[in-house]
K.L.:
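Got a structure here, written out as structure tokens. Questions coming.
When a ligand or atom number is given, it counts from 1 through the structure's own listing order. Residues: numbered from 1 along the sequence shown.
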Amino acid sequence: MAGLQASSHRLAASPTVPLCQESCPSSASCLRLTFDSRAARPLSISANTSLAPGRLYHSSFSFSLSSPESILSSSFATNASPKDSGDQETISDSAIERSQRVMESKSEMELRERILAGEFSVQYSGSKTRGVREFFMKWGKLGRSLAYILASSERSYLLRQAKKVPEAKGDVRAITGQPFFIPLYDLYLTYGGIFRLNFGPKSFLIISDPAIAKHLLKENSKAYSKGILAEILEFVMGKGLIPADDEVWRVRRRAIVPALHRKYVSEMVGLFGRAAENLCHKLDTAAKHGEDVEMESLFSHLTLDIIGKAVFNYDFNSLSRDTGVVEAVYTVLREAEHRSIAIIPYWDFPIIKDLSPRQRKVAAALKFVNETLNDLISICKKMVDEENLKFEDDYMNERDPSILHFLLASGDDVSSKQLRDDLMTLLIAGHETSAAVLTWAFYLLAQNPTVLAKLQHEVDLVLGDRMPTIEDMKKLKYTTRVINETLRLYPQPPVLIRRSLEEDVLGNYPISKGEDIFISVWNLHRSPVLWEDPEVFRPERWPVDGPDPTEVTENFRYLPFGGGPRKCVGDMFATFENITAVAMVVRRFNFELALGAPPVGMTTGATIHTTAGLNMTVTHRIRPPVIPVIGESTITTIEENGSVKSSRPSNGVVTLNACREETQKVTK
Ligand code: HEM
């Protein structure tokens, strides 16, 4: 028996409407929970149990609902599967598996009985099909194919009759006014790992089940396109890698991935360090003057400066000055975000396109950015022509190590328009995502001083005052876990979008061609089924001496960079960028949320933004006076008079305890 408690809800429960399929053995006791459209936040559930994604909760449901504001306490036996808590399980694995198997075989048996009883033959005569199929079977190969098509259509029809994806009806008012992925989480807890959200005339399949996500992204990825996302981003990315259809994507991915080779990424770590140093200068000034800083926009400038240099060797220098190009880039970026959450694509209507001041501004900005990119392509082409070129796999021009230079030097045979689309895509993909990760990492760190202290300790040990190198990336293990955990709690983007190009079966439910699908990475990453204490920021979740968590190690419950063939090409780039920026800032500064600043809420475009910025008070950090030199068996201590002293620990090995003891001795 597992317990689930829902509190502070505004929920309408209608016991008369069964939630389960007719085949559910306990359908009489199952409820359809519908949301009260006037509710600000439909339902907040804290579960101490394992709810199985993708499954209906066939339940013996006891509840009390005296008023709309009352507390709903339910206890019910679920067909749930275990989370990652291992020894803290409340329900034993085998019991869950057994009950799951019983439920599955019961509904399978029931379906079989219903088919045998001829329930479906009223509308669709299986027996007639059998006759036709037997007739076709005699026709050799072609006949067998026809018989197969007929049989699978029949099966899919019967399945569709019996198995319908659970449906939730959304109310626009419940979804707008808050990031759309928040109500999706509540709906997930009610409806499970796959459900349909009917939203006015629109219908979406919402996926929060790792196995279905794996199927969509990896196992049957060919059967899915980027759907709405491609339509929305077309105006700015054209046929760039993110929205590209399969044909274009295949060619462009093969051209672009080699550009991010190890030597390039290694060079980039230097760039990350220099850019982070510029950020530290800004923070330095703020700390000296006791001024609060808005970190989100600083991180946005930082990552814009980095991606400009990294992709097309352009120095936006946005941390130091505002130029026309920076403004134009932001106008275009904001529009891409705006369009990704707008309900009606009004920008496609001819009159609005020409008359709306916003759209005119966007068109002008886009023209300006495109011209700048064209100029950069021309300059780079000239450079490559003049170069004494010897192209190898890890080719890199020292003066211009950018991806653009690599592509042109590789003889990439591509139109200027395609190249521009690729550059724009890389610019957008690599800018806001990293900025968002840094923003939320600092938000989380400010509230978790123990994690911050541990992080600072590691950075002191590994880096001291040096600039980071690629070798340090492997050593900054706890820093990496902080980034991993930030990406779990704040995945960027929170939802991946797909559209089915053919019929398929998702988690036993047949789906048609043309279905719009949202894979909620937010739900997967915060699922009470899949994670222990999903809401808690705990970098220790993944031991530092274990493998770095990826979609592969976590079997698709964790998708920080997507998965399958369309996985992010910049995952290593971005991880090192984030590690470098975090390390360089935390070793110099302490920070906390600014007093009196507005609460840090979430809003969304393609990534999760704050509603009113991340305002922080930054102070200079006084470092503990111990800097052991890694790799050498010495401890360097700074004495009270400021002099530096090196000594060997008694057993010749540098240990954290030895460092701490030394620290205590010196500071006493
Ligand atoms: C922390 C930062 C980043 C995060 C969280 C992130 C996340 C993602 C995710 C989840 C996808 C998969 C989208 C999907 O399946 O629909 C993706 C794709 C992509 N990302 Fe990233 N990304 C980051 C940084 C970067 C950077 C720095 C670059 C470029 C240098 C980049 C370039 C791309 C590209 C080109 C794709 C499309 C790949 C394809 O369709 O083949 N990303 N990213």
K.L.:
Closest non-hydrogen protein atom to atom 13 (C) of ligand 1, residue and atom name please, with distance?
P.N.:
Leu496 CD2, 3.9 Å
K.L.:
Quick one: nearest non-hydrogen protein atom to atom 6 (C) of ligand 1, plus distance?
P.N.:
Phe561 CD2, 3.6 Å
K.L.:
For ligand 1, does Val437 get within less than 4.0 Å through its side chain, its backbone, both, or neither, judged by non-hydrogen atoms?
P.N.:
side chain
K.L.:
Can you say whether the rings of Phe312 and Tyr314 are parallel (under 30°), tilted (30 to 60°) or perpendicular (over 60°)?
P.N.:
tilted
K.L.:
Does the gap between the ring centers of Phe591 and Phe442 come in under 6.0 Å?
P.N.:
yes
K.L.:
Could you tell me whether a side-chain N or O of Glu458 sits under 3.5 Å from a main-chain N or O of Lys454, the two making a donor and an acceptor?
P.N.:
no
K.L.:
Distance to the ring centre below 6.0 angstrom and angle to the axis at most 45 degrees; does that hold for Arg339 and Phe235?
P.N.:
yes
K.L.:
Which ligand 1 atoms does Lys226 reach within 4.0 Å, using its non-hydrogen atoms?
P.N.:
14 (C), 16 (O), 40 (O)
K.L.:
With a 4.0 Å heavy-atom cut-off (strictly under), which part of Phe573 contacts ligand 1: side chain, backbone, both or neither?
P.N.:
side chain
K.L.:
Could you tell me how the ring of Trp531 sits relative to the ring of Trp542: parallel (under 30°), tilted (30 to 60°) or perpendicular (over 60°)?
P.N.:
perpendicular
K.L.:
For atom 2 (C) of ligand 1, what is the closest protein heavy atom, and at what distance to 0.1 Å?
P.N.:
Ala574 CB, 3.4 Å
K.L.:
Tell me which protein heavy atom sits closest to atom 34 (C) of ligand 1, plus the residue, atom name and distance to 0.1 Å.
P.N.:
Val569 CG2, 3.8 Å
K.L.:
Centre-to-centre under 6.0 Å for His301 and Tyr330, is that the case here?
P.N.:
yes
K.L.:
Could you tell me if the ring centre of Phe272 sits under 6.0 Å from that of Phe573?
P.N.:
yes
K.L.:
Can you tell which part of Pro491 has a heavy atom less than 4.0 Å from ligand 1: side chain, backbone, both or neither?
P.N.:
neither
K.L.:
Taking the non-hydrogen atoms of Leu487, is any one of them nearer than 4.0 angstrom to ligand 1?
P.N.:
yes
K.L.:
Using heavy-atom distances, let me know which of Ala435, Pro494, Ala429 sits nearest atom 33 (C) of ligand 1.
P.N.:
Ala429
K.L.:
Closest non-hydrogen protein atom to atom 40 (O) of ligand 1, residue and atom name please, with distance?
P.N.:
Arg566 NE, 3.0 Å
K.L.:
Which of the atoms of ligand 1 are close to Asn578, meaning less than 4.0 Å from one of its heavy atoms?
P.N.:
1 (C)
K.L.:
Look at Glu554 together with Arg541 and state whether they make a salt bridge at an N to O cut-off of under 4.0 Å.
P.N.:
no
K.L.:
Which residue holds the protein heavy atom closest to atom 22 (N) of ligand 1, what is that atom called, and what is the gap in Å?
P.N.:
Cys568 SG, 3.1 Å
K.L.:
So among Thr550, Val569, Leu487, which one has a side chain to side chain contact (heavy atoms under 4.5 Å, CB included) with Phe561?
P.N.:
Leu487
K.L.:
Does Arg498 approach ligand 1 within less than 4.0 angstrom via side chain, backbone, both or neither, non-hydrogen atoms only?
P.N.:
side chain
K.L.:
Need the ligand 1 atom indices (1-based, order shown) with element for anything under 4.0 Å from a heavy-atom of Lys567.
P.N.:
38 (C)
K.L.:
So is Arg253 polar-close to ligand 1, meaning N/O to N/O under 3.5 Å?
P.N.:
yes
K.L.:
Calculate, to the nearest 0.5 Å, the distance between atoms OG and CG belonging to Ser225 and Asp245 respectively.
P.N.:
9.0 Å
K.L.:
Taking only heavy atoms of Gly430, which atoms of ligand 1 are found under 4.0 Å from at least one of them?
P.N.:
25 (C), 26 (C), 27 (C), 28 (C)
K.L.:
Would you confirm whether the ring centroid of Phe391 sits within less than 6.0 angstrom of the ring centroid of Phe406?
P.N.:
yes
K.L.:
Show me which atoms of ligand 1 lie under 4.0 Å from any heavy atom of Ser434.
P.N.:
1 (C), 2 (C)
K.L.:
Which atoms from ligand 1 have a heavy atom of Pro560 less than 4.0 Å away?
P.N.:
5 (C), 7 (C), 10 (C)
K.L.:
Looking at ligand 1, does any of its N/O atoms fall within less than 3.5 Å of an N/O of Thr425?
P.N.:
no
K.L.:
Around atom 5 (C) of ligand 1, find the nearest protein heavy atom and jot down its residue, atom name and distance.
P.N.:
Gln492 O, 3.1 Å
K.L.:
At under 4.0 Å between heavy atoms, which part of Thr575 makes contact with ligand 1: side chain, backbone, both or neither?
P.N.:
neither
K.L.:
Got a salt bridge between Lys513 and Asp504, using NZ or NE/NH1/NH2 to carboxylate O under 4.0 Å?
P.N.:
no
K.L.:
In the protein, which heavy atom is nearest to atom 29 (C) of ligand 1, and how far is it?
P.N.:
Leu426 CD2, 3.8 Å
K.L.:
Applying the side chain to side chain donor-acceptor pair (under 3.5 Å) criterion to Tyr188, which one of Ser527, Ser520, Ser208 satisfies it?
P.N.:
Ser527
K.L.:
Is NZ or CZ of Arg498 both nearer than 6.0 Å to the six-membered ring centre of Phe204 and within 45° of the ring axis?
P.N.:
no
K.L.:
For ligand 1, which is the ligand I care about here, please tell me if Trp249 has any N or O atom under 3.5 Å from one of the ligand's N or O atoms.
P.N.:
yes
K.L.:
Specify side chain, backbone, both or neither for Ile256, according to which of its non-hydrogen atoms lie closer than 4.0 Å to ligand 1.
P.N.:
neither
